[in-house]
Amino acid sequence: MKQDHAGKRGHAVKEDHAALADTFNKDEARVNWHDETLWWIRQKRDKAAHTIPEWELLRETASRIKDNVLSNLGGYLEQFEAAATANGVTVHWAADAAEHNAIVLSLLRRHGVDKMVKSKSMLTEECHLNEFLKEQGIEVIDTDLGERVVQLAEEPPSHIVLPCIHKKKEEIGEIFHEHLGTPAGNADPQFLTHAARLHLREKFLTRRAALTGVNFAVAETGEFVVCTNEGNADMGAHLADVHIACMGIEKIVPRREHLGVFLRLLTRSATGQPITTYSSHFKKPRLGKEMHIVLVDNGRSVHLGRKEFRNSLKCIRCAACFNTCPVYRRSGGHSYHTAVAGPIGSILAPNLDREKYADLPFASTLCGSCSNVCPVKIDIHEQLYKWRQVLVQSGHAPLGKKAAMKTMTWVLSNPSVYRGAGKMGRWFMLNAPFTVNNGMNPWYKQRDMPPVPKQSFGEWYKKNKK
Amino acid sequence: MKTVKGNQPEWRELPEIPAGGVGGVGSGGDGGVPGDGPVSGDALAEVFVKTLEAIGGSAYVVSGFDRIATILRELYPRVGRVVTGCPELEGFGELARSYADPHELEDVGLAVLGAHFGVAENGACWITEDRMIERALPFIAQNLVLVIKKKDVVANMHVAYERIGGMDGGYGFATFIAGPSKTADIEQSLVLGAHGPRSMTVFLVDEEMSDAGFY
Amino acid sequence: MRVGLFIPCYVDQFYPQVGIATLELLEKFGCEVVYPSNQTCCGQPMANSGFEHLTKGCNDLFIKNFEEFDYIVSPSGSCVLHIKDHLHSEGVGVEAGGGGDHGVAGTEGGRGTTIPKKIYELVEFMTDVLRVDAIDASFPFKVGIHQSCHGQRGLKLAQMSELMAAPFSKPERLLKMVKGIELIPLSRQDECCGFGGTFCVAEEAVSVKMGKDRVADHLHHGAEYITGSDMSCLMHMEGILHRQKSRVQVRHIAEILNSRL
């Protein structure tokens with residue numbers, strides 16, 4: 001089942017979150033399935049957190065380590081570059097997505113590579129690397145099982161940790177039948193995973209270049225850590241001649257010992273597991289082989305300067321906020337039409353393109369659950385509120401809303417107007433309900449209007465108390 | 001870079017890292033063995049075993065390498081090519097040397113390697129490059145076995161990194177391995193054996209144990 | 001103790017009985033309650049939609065109406081939280097009138113307001129200030145508590161399920177004092193109902209789905225009434241209940257705490 005409106009990789013999106021979420025909600029049973037699956041993952045996170053009595057202290061510690069990192073990001077990046085270079089790793093700097101893509105391309109060309117394996121990297125999604133390389137004639141195979149599924153389905157991932165959480169196993173079975181030749185109708189996860197294992201093993205063994213993401217980069221030692229459950233990052237990197245690691249500049253941690261805090265929090269927050277199967281520490285290239293790391297800015301340094309929003313740079317990409325968000329669970333990642341969806345995506349994306357992502361900070365009830373599960377204590381719900389103010393001030397609110405708000409302000413600043421309007425509204429609802437109970441009223445679509453009392457509280461008080 | 005330095009907020013102090021307890025399956029009560037008192041090595045090993053089993057791995061406490069060989073013969077009667085980095089197991093498997101090309105290891109059915117220590121709270125083992133012989137080996141083998149000393153189980157990741165800091169930090173590559181490779185990408189159904197090994201076993205060698213399994 | 005009664009705009013217009021119950025409750029517990037008749041709204045609908053910069057008129061009106069009281073109490077968690085977090089007077093004090101646009105919010109150059117420190121939602125006022133430990137009320141029905149997000153996570157009316165911390169609930173504690181009441185458990189203790197302000201119409205599909213799921217949770221556990229501290233949440237769920245022709249009703253917590261057989 002292909003997602004055709006918002007789903008295709010690299011295509012411009014015409015619809016906003018509300019419209020896409022509306023479409024998503026047409027299939028209520030599916031929404032229930034999606035919602036319950038992700039809620040279950042939130043519960044697994046809770047269970048895992050309960051096993052650590054010092055959980056809240058760990059969150060506070062991680063938050064303060066990241067605060068320290070942001071306050072000395074320049075210094076730590078320089079320290080990292082020096083240490084990594086001394087280890088034999090080549091460090092590249094990319095100011096934006098275009099530079100990043102160009103650097104990766106030039107490394108591949110230099111080695112005469114036209115086929116590459118890639119493990120999960122949300123940064124490369126952000127830079128649209130796959131599409132770019134494809135246009136240059138380079139085949140990229142995403143090796144994370146979930147990513148491979150969406151790659152074959154020609155869709156972007158809908159979740160940064162569980163890329164195909166929106167797909168049912170029957171759909172995955174169809175995709176594998178079409179592309180891997182598995183028997184039609186087979187939807188057994190064990191069987192399908194094994195088929196993917198064989199299919200991707202052949203890629204690992206034959207590709208000479210591997211690209212991975214970076215979970216954490218240690219300034220002190222120049223090493224970086226890649227966490228996977230599948231082992232695909234390692235299978236790619238240790239068999240390739242060239243290992244390219246791509247990271248956003250905010251992924252730095254000061255010292256190796258700080259990894260202990262983050263590794264205790266990361267996977268428990270993400271999936272409820274105590275740790276990923278593999279937490280691989282890459283320090284030096286293999287003898288005779290090359291290891292490169294590309295440090296990418298793409299708007300992060302600008303965001304760093306924004307007092308109200310810089311906390312979003314503390315993110316360790318665990319997706320706990322996605323799993324707890326009642327809106328995300330009922331609208332799906334594709335409704336956000338951006339690489340990183342969910343609550344954190346809604347405060348990061350407007351930094352990349354205000355026009356395109358102005359709808360995202362409004363795709364929330366500001367319930368605050370996200371901020372509570374965030375392992376590094378990003379004040380997500382507060383930033384959503386602040387982004388709303390910024391976007392309206394910079395002219396990104398729809399005109400109709402602006403007019404309605406101005407009217408509302410006038411009414412609510414003038415007590416007599418307010419009382420008059422209230423009385424009039426109630427009169428219409430009581431005596432001419434069709435003026436309000438109709439298809440033009442979005443509230444009325446699936447809800448009854450509130451009952452109409454004979455008098456307002458103000459009127460009652462005047463009569464009875466004054 | 002200039003932008004980064006220009007936009008940095010005011011300096012914020014680094015916090016101290018808490019000592020932490022042992023959170024994990026099977027550690028009793030609400031899951032935590034408190035970190036303020038010394039916890040016995042036996043208790044840590046017990047938590048390690050329970051946690052590893054909960055994440056799809058297996059664990060055995062044994063007296064020595066002879067027992068390891070015996071058990072492995074029973075567990076993997078037809079596993080094909082066996083490669084080991086432990087000199088004690090030379091007869092059991094091919095003793096790993098360095099390899100010109102990691103692709104040579106493509107058909108390894110079972111890899112048996114020595115790791116440095118285990119972590120009780122998550123069932124992981126720390127292993128550095130020198131003990132892997134070839135970086136690809138612990139990933140490319142169809143089944144993986146790691147051997148540690150029973151007394152080398154630490155409580156949590158903070159202690160683990162203290163220990164790593166005390167060791168020679170000169171590794172070019174090292175990793176924590178916790179159980180077999182896995183994925184739940186297909187409708188959250190857990191499948192063991194994604195791209196890395198399909199099974200993972202840890203042997204905890206207890207030097208005080210007799211061959212017959214008693215003390 | 002002079003208490004200024006702040007009644008949210010939609011409660012004033014659609015649910016006067018909640019205002020009446022709140023007033024009666026406060027008087028029962030010894031407060032002198034005054035309802036400034038020129039109040040309108042806290043400004044939250046504009047602010048949450050990104051139009052905080054338009055709320056000066058509302059803010060000034062609010063300060064003018066309520067500055068004089070010892071306490072300000074309202075039967076609405078979200079409105080109280082909004083005032084606590086976002087109310088400030090700009091520049092010249094309200095009394096001076098005119099030309100007050102230049103100053104910094106509530107600090108030097110302007111008369112600040114003490115309101116954020118003395119405004120309370122009803123449940124927190126009854127628990128923390130009045131220290132109520134007995135209520136003469138009767139409500140022999142099965143009741144589900146809806147934990148409104150702003151009251152819970154913002155005003156700390158109850159513990160949040162995401163945090164590894166000791167559980168507590170101020171609304172539950174008060175409700176347990178009511179004779180005959182049976183509080184039902186829920187599958188999801190503190191999931192948002194989906195009202196969210198203008199979200200309820202701007203993202204209608206998701207908003208309604210969230211409301212339906214909340215309602216279903218209460219129905220599944222046998223609720224006859226759904227209660228909470230925020231009429232906005234209850235209004236949204238009531239709209240859904242009525243559309244489903246359900247016999248389950250909503251009641252604001254003030255009404256239950258003030259009820260008699």
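Letters A, B, ... are given to chains in the order of the sequence lines, protein chains preceding strands, and every chain is numbered from 1. Just the heavy atoms: all of them, side chains too, but no hydrogens, waters or symmetry mates, feed the values below. From a predicted model like this one, the values you see are computed outputs, not experimental measurements.
Looking at heavy atoms from C-beta onward, B/I55 lies out of side-chain contact with A/Q273 at the 4.5 angstrom threshold. Counting heavy atoms from C-beta on, the side chains of B/W126 and A/H281 come closer than 4.5 Å. Between B/E129 and A/K283 the shortest side-chain heavy-atom distance does not fall below 4.5 Å. Looking at heavy atoms from C-beta onward, B/Q188 lies in side-chain contact with A/L162 at the 4.5 angstrom threshold.
Nearest heavy atoms, A/R201 versus B/I140: NH2-O, 2.7 Å. Annotation for B/P102 and A/L239: closest pair CB-CD2, 3.8 Å, computed over non-hydrogen atoms. The two residues B/N122 and A/P274 make their nearest non-hydrogen contact at CB-CB, 3.5 Å. Contact record, B/D185 with A/P163: OD1-CD, 3.8 Å, taken as the closest heavy-atom pair. Counting all heavy atoms, side chain and backbone alike, B/E187 lies closest to A/K167 at CG-O, 3.9 Å.
Of the two parts of A/T193, the backbone and the side chain both hold a non-hydrogen atom closer than 4.5 Å to a non-hydrogen atom of chain B. Within the 4.5 angstrom heavy-atom criterion, atoms from both the backbone and the side chain of A/R197 approach chain B. Within the 4.5 angstrom heavy-atom criterion, no atom of A/W55 approaches chain B. For A/T276, the part lying under 4.5 angstrom from a heavy atom of chain B is the backbone only. For A/P254, the part lying under 4.5 angstrom from a heavy atom of chain B is the side chain only. The contact between B/I177 and chain A is made by backbone and side chain atoms together, counting heavy-atom distances below 4.5 Å. Residue A/R306: no heavy atom, backbone or side chain, is found under 4.5 Å from chain B. Looking at A/L259, the atoms closer than 4.5 Å to chain B (heavy atoms on both sides) sit in the backbone and in the side chain alike. With a 4.5 angstrom heavy-atom cutoff, B/L137 does not touch chain A via any of its atoms. For a residue to count as touching a neighbouring chain, one of its non-hydrogen atoms must lie under 4.5 Å from one of that chain's; by this rule A/L200 touches chain B with the side chain only. Neither the backbone nor the side chain of A/E60 comes within less than 4.5 Å of any heavy atom of chain B. Looking at A/I172, only its side chain comes within 4.5 Å of chain B, counting heavy atoms on both sides. If you measure heavy-atom distances from A/L198 to chain B, you find no contacts under 4.5 Å at all. Of the two parts of A/N87, neither the backbone nor the side chain holds a non-hydrogen atom closer than 4.5 Å to a non-hydrogen atom of chain B. Residue contact with chain B, scored on non-hydrogen atoms closer than 4.5 Å, is absent for A/K47.
For residues 72-90 of chain B, heavy-atom neighbours of chain A at less than 4.5 Å comprise no residues at all. Within residues 190-198 of chain B, the residues having any heavy atom less than 4.5 Å from a heavy atom of chain A are, in residue-number order, B/V191, B/G193, B/A194, B/H195, B/G196, B/P197, B/R198.
Between A/F191 atom CZ and B/I186 atom CD1 the span is 11.0 Å, to the nearest 0.5 Å. Within the model, atoms CG of A/L192 and OG1 of B/T183 stand 11.5 Å from one another, a figure rounded to the nearest 0.5 Å. Here CG of B/N156 is found 4.5 Å from CZ of A/R264. Values are rounded to the nearest 0.5 Å. Distance OG1/A/T277 to NZ/B/K182: 3.0 Å, rounded to 0.5 Å.
The greatest number of non-hydrogen atom pairs below 4.5 Å with chain B, out of A/G231, A/P285, A/A196, is found for A/P285. Chain B forms the most heavy-atom pairs under 4.5 Å with one residue out of A/R300, A/Q190, A/R256, A/M291, and that residue is A/R256. Taking A/G305, A/S279, A/A48 one by one and counting their heavy-atom pairs under 4.5 Å with chain B, the maximum is reached by A/S279. Taking A/L57, A/L295, A/I65, A/L263 one by one and counting their heavy-atom pairs under 4.5 Å with chain B, the maximum is reached by A/I65. Per-residue counts of heavy-atom pairs under 4.5 Å with chain B were compared for A/H303, A/K168, A/H194, A/R310; the largest is that of A/R310. Note on A/R255, A/E223, A/K307: by heavy-atom pairs under 4.5 Å with chain B, the leading option is A/E223.
Centroid-to-centroid, the aromatic rings of A/H258 and B/Y161 stay 6.0 Å apart or farther. For B/F139 and A/H238, the ring centers are positioned less than 6.0 Å apart.
The neighbour count for B/K149 NZ, taken as heavy atoms of other residues, nucleotides or ligands under 6.0 Å away, does not exceed 12.
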For B/S181 and A/Y278, what are the C-alpha separation, side-chain angles and deciding distance, and is it a side chain to side chain contact (heavy atoms under 4.5 Å, CB included)? CA-CA 8 Å; B/S181 81; A/Y278 306 103; 3.4 Å; yes

Criterion side chain to side chain contact (heavy atoms under 4.5 Å, CB included) on A/E257 and B/E162, from CA distance to verdict: CA-CA 7 Å; A/E257 58 180 351; B/E162 271 172 33; 5.9 Å; no

Full working for side chain to side chain contact (heavy atoms under 4.5 Å, CB included) between A/K284 and B/F173: CA-CA 7 Å; A/K284 301 176 190 168; B/F173 173 77; over 6 Å; no

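Ion pairing of A/R268 with B/E121 is present here, as a side-chain N (NZ or NE/NH1/NH2) and a carboxylate O approach within less than 4.0 Å.
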